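A quick note: this is a predicted structure, and the numbers were derived from the prediction, not measured.
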Amino acid sequence: MTTITLKINEKTNAGKVLIAFIKNFIAKEKDVEIIKVPNAETLKVINDIENGKELNKTKNTADLFKQLGI
């Protein structure tokens, strides 16, 4: 199996056309799949949470909103 990573700007016309083509192709071919992979920043945050780093603990939603300044 070969894995190919593409960065596609979904906001451009070319990006929209390419994504539509890929989704249409995948609908017909069951041997191809799209796997969404989190970016590096998201992976770091997930790792930090799993390791208990940089967590803000709150008592309840009111405390959460207070900490957020809302």
When you group the ILVMFWY residues by side-chain heavy-atom contacts below 4.5 Å and let the links chain together, are [Y] and [X] in the same group?
X	Y	result
Phe21	Ile19	yes
Phe25	Leu18	yes
Ile4	Ile22	yes
Ile35	Ile8	no

Item to check | Separation between NZ of Lys66 and OG1 of Thr61, rounded to the nearest 0.5 Å | outcome: 13.5 Å

Checklist entry - What distance separates Asn56 CG from Leu64 CG, expressed to the nearest 0.5 Å? => result 9.0 Å

Item to check | Sidechain-backbone polar pair: Asn51 side chain, Lys53 backbone, donor-acceptor under 3.5 Å | outcome: no

Taking all non-hydrogen atoms of both residues, which atom of [X] and which atom of [Y] are closest, and how far apart?
X	Y	value
Lys44	Glu54	NZ-OE2, 4.0 Å
Lys57	Asp63	O-OD2, 4.2 Å
Asn9	Thr12	O-OG1, 3.0 Å

Item to check | Shared-cluster residues of Leu55, by chain and number - hydrophobic side chains joined below 4.5 Å | outcome: Val45, Ile49

